[in-house]
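As a basis for the values below, the full set of heavy atoms in this structure was taken, side chains included, without hydrogen atoms, waters or symmetry mates. Nothing here was measured: the structure is a model prediction, and the numbers come from that model. Chain naming here is simple, since letters A, B, ... match the order of the sequence lines and numbering starts at 1 in each.
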Amino acid sequence: MGNMEPNDIPKAYDPKEWEQRLYQKWEESGFFNPDTCIEKGVTKPDAEPFSVLMPPPNVTGVLHLGHAMENTIMDTMTRHHRMLGDRTLFLPGADHAAVATQSRVEKNLVAAGMTNPRQELGREGLLEKIREFADDSKSTITKQVRAMGSSCDWSRFAYTFDDARVLAVNTMFKKMYDDGLIYKGYRVVNWSVKGQSTCSDDELEHIERPATLYTFRYSTDFPISVATTRPETKLGDTAVAVHPEDSRYRDLIGQTFEVEVGAAKPLSIRIIGDEEVDPTFGTGAVGVTPAHSQTDFDIRQRHPEIGLVAVIGIDGTMTAEAGARYAGLSVLEARETFIAYLRENDLLEKEEDITQNVGTSDRFGDVVEVIPMEQWFVAVNREIPGRGKTLKDLMREAVTTGLDGDPERKTAITPERFERIYLHWIDHLRDWCISRQIWWGHRIPVWYKKPTTDNEQLTTSGEGETEIYCGVEAPDGEGWEQDQDTLDTWFSSGLWTFSTLGWPDTEASDFKTFHPTTFMQMGSEIVFFWMARMILMTSYAIDTIPFKTVYIHGMLRDKDGRKFSKSLGNGIDPIDVSTEYGTDALRLALLSDVTPGNDSRFSYDKVENTRNFVNKLWNISRYAGTMSGPTEGEAVPKSLSDRFILEKLSRITAETTGHLAEQRFSLAVETLRSFTWDDFADWYIEIHKVERNDAVLRHVLDTLLRLWHPFIPFVTEAIRETQGSDAFLMIARWPEISDKPDTDATASFGELRTLVTRIRNLRAVYRIDPTKRLTVSLSSKDMGFITESFPAIEKLARVDITETFDGAAAELVVSDRLSARVSLEGVIDIVAERVRIGKELAEAQRYATSLEAKLSNPSFADRAPEQVVVQTRGLLEETLTKADELRGHLTSLSQ
RNA sequence: GGGCAAUUAGCUCAGUUGGUUAGAGCACCUCGUUUACACCGAGGGGGUCGGAGGUUCGAGUCCUCCAUUGCCCACCA
């Protein structure tokens, strides 16, 4: 496109005219790909690498505003670093999201009329359905990410479930298996009856609900009463735990009671002493159900002599172990039956209504049962062979001292407080159950070979006759059958920063160049799921950190502070917003008023505001487009306002650069916005209309477009194009920071600004006809600093500046060196003006008094730093001078 | 029960290491058909920075306690 004439350019920026086309041009240019940037000479081959991995969105559906915010953060960082000349990679991807996706597809199938999709379709059939859904959703997602303007390298797109990632997952599994860090064990796990699968502790959502706390005795001759909210599980009790020092029960410790509870066979309850029991709570005794309680299972680890009886089965009904009377009943039916039994036999001592938190499956929604099963686990407390440390140790080191005390291998967390939260979480971390019984996911790379059945002796002997093989690929030979289970989706997510870069090939060029990655961002709700697992996997397998910096953001809420949710129906599709207001406006709105780690609100008011800003920038460029003459030229300052705008520009360049380096996105946006609108548009451009220093105006605009580009890539690139440039702004260089401050210009221009504002204020106060030009005379000890700006002042304040004049006038004291007389002959009455000046004088006197008080305090002079004292003294002098002048004016007005 | 945040103008929020008389956007009031922009311009009103103590020459900023709201963790059986 050629250089557009200013009147060819529409008055309002229309995002629809530009966004798709610009994105396509960017993408086709290949500059999203760091290798292309080097080939085309945009980036030096030895440039510093910068890499950021997109947290892969789940292929469960469409993206929401939260994703839009994340993409904006990542893309802003990416574009900034690309402009800094770094070898920049923003790698996109998608997550197969095991449970989440399968449960979504199953729900859809049920809604479409199926009763039990797993049965009706079988493993392969269901997987096929899920694959179709995932592919569909993947393409929607990538379209949305493009629409957000994300400058990611699509040629490197990674999927957590593609061949390269399967290789990484299996390699990692085998490595951990060989190191004894992955084991198969019979332990209690969280079991979702509805989903027919395990879930990890972190996949539980604790929901508060009312419950009844029953206090009862197992039988009349049992010496201790215990309390529970889950009476039906008491059929699996094998012990009662008391505090070892509790005088009430101390003598009973070690005894075993056979108690008849109306089930098939009596319970065998042993009294044990355990430090964890709180003797002051309830009866001071705990009925121990090792099979159906995580903490009780832990008690059994400490007291292996007690039994383990599972009374709830995987279908959520009572087992035969619970006794004939209960077997087959649902837990609720069993509860009622057991309570009825206790009542009949006068064993129930107390019923209390309490609220309790129950763990529910965050995917399937049902209350999770704790059930003992054989599952695969990652051992977090086991020493890693040859390293003398556990996985937990590594996870701690990575964010505190750095791995092995090496600060180069330390991850910095923003905001810092999440470091403490993370460490606290590690303290409570148990072995991680990684096996799932769902089908959509990485199949556990373990194969079993049963012995040949003609040897009857072996089969019945029940001893280690099954061969086990763990490997990256299936073993050779006949008769091997792969483990039916799949892996927790976070297992593959944990490898994300390196499985995407070529690992396990540690010689892969991407891996060597871009790992550890530079920057990561994520929502606070995912820190434990994901950040912790990435750190675990990376420190274990590669002995380094996954990323150098992680920025944690809060949750995006609606304008009333509510979460966005399907059930509330308050969801907003980012694409709708960007279609209506433009992607740039959306991006700005998502970064505004946000502080790290805290939730933020999204409202259409905000987007409207940012849209208006984008339009303002557009019109600034339209104004610049009205200038004639060559676009090149040294930006030589010729006036005070030139010096001011250049000085301020270099200052905000430094500030913006600093804010970006510290991920203070909101401050960066605010800095740029305020400069663009308040300084550049409202003052400098208005002055340019009389001073016409085109070179400076163009220089400022050009620099400003670069500074804005990482935040609002589309409109800035569009402006670049209307200017007739054929070089992408996307690969332009980030502005240099100048190191020669011109602070004098800032102060002097401030006085000019105050002068103009004061005159405008006079007009408003006295309701002076806006079209009437006023006469003004200026006086100063040193007029030199402002004379060059007379035309500007005359235009901005609509005045004519003269030497002196007679007649009624308002006296304005601008500073200690500049004051003005504004002719008000026949415009205002003297009395009103005296009142106005009187007010101003009173204010100055009040301020002077407070400054004097401060200075006369002896300890202020003693203890405050020299600079502060001098500054305060200067302020006082200025204020006193001003007060003097005002007093003079007041006197002259009364004559 | 433990931990972590938040509490600043009517609303939504900034305020980097304690240092000029606390800011922005929206909303509000007054004025304006100035040739970049009404998705605009000019001017203005509005806050004892949740409460109470404390440290300091000086506190929105640091400490203690309290209140309210939110989040995270935790199977008081």
What protein N or O atoms touch nucleotides 28-30 of chain B N or O atoms at under 3.5 angstrom, if any, and at what distances?
unit_1, atom_1, unit_2, atom_2, d
B/U30, O2', A/R767, NH1, 3.2

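- The base of B/A36 lies close enough to the side chain of A/K689 for a donor and an acceptor atom to sit less than 3.5 Å apart.
- With A/W708 as the fixed residue, the side-chain hydrogen bond (donor to acceptor under 3.5 Å, both in side chains) test singles out one of A/T716, A/T676, A/T656: A/T676.
- Rounded to a whole Å, the NE2 atom of A/H553 is 22 Å from the P atom of B/C4.
- For A/E686 against B/A36, a side-chain N or O and a base N or O form a donor-acceptor pair under 3.5 Å.
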Please table the atom pairs, donor to acceptor, closer than 3.5 Å between any side-chain atom in residues 599-611 of chain A and protein atoms at least two apart or in another chain.
unit_1, atom_1, unit_2, atom_2, d
A/D599, OD1, A/M555, N, 2.7
A/D599, OD2, A/R557, NE, 2.8
A/D599, OD2, A/R557, NH2, 3.1
A/R601, NH1, A/K559, O, 3.3
A/S603, OG, A/K606, N, 3.3
A/K606, NZ, A/S592, O, 3.4
A/K606, NZ, A/R601, O, 2.9
A/T610, OG1, A/A585, O, 2.8
A/T610, OG1, A/K606, O, 3.2
A/T610, OG1, A/V607, O, 3.0

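- With hydrogens and angles ignored, no donor-acceptor pair under 3.5 angstrom links the side chain of A/K11 to the base of B/C37.
- Across all strands shown, A/D862 has no heavy atoms under 4.0 Å from either base or sugar-phosphate atoms.
- Among the atoms of the strands shown, none is found under 4.0 Å from any heavy atom of A/R773.
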Ignoring hydrogens and angles, write down the donor-acceptor pairs under 3.5 Å from the side chains of residues 844-855 of chain A, residues two or more places apart or on other chains.
unit_1, atom_1, unit_2, atom_2, d
A/R846, NH2, A/E843, OE2, 3.1
A/T849, OG1, A/Q845, O, 2.7
A/S850, OG, A/Y847, O, 2.8

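- Backbone-only contact: A/T595 has heavy atoms under 4.0 Å from sugar-phosphate atoms and none from a base.
- The shortest distance between the side-chain N/O atoms of A/S524 and the OP1/OP2 oxygens of B/C72 is not below 4.0 Å.
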Pairs under 3.5 Å (N/O, protein and nucleotides 61-65 of chain B):
none

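- Among the protein residues, A/A227 comes within range of the sugar-phosphate backbone only, with heavy atoms under 4.0 Å from sugar or phosphate atoms but none that close to a base.
- The distance between atom CG of A/L697 and atom P of B/A36, rounded to the nearest whole Å, is 12 Å.
- Taken together, the paired segments of RNA chain B that extend over three or more consecutive Watson-Crick or G-U pairs, each closer than 3.5 Å at both contacts, are B:1-7 with B:67-73, B:10-13 with B:23-26, B:28-32 with B:40-44, B:50-54 with B:62-66.
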Protein-to-nucleotide contact annotation, 5' to 3' order, nucleotides 16-21 of chain B [B base; S sugar-phosphate only; - none; under 4.0 Å, heavy atom]: B--BBB
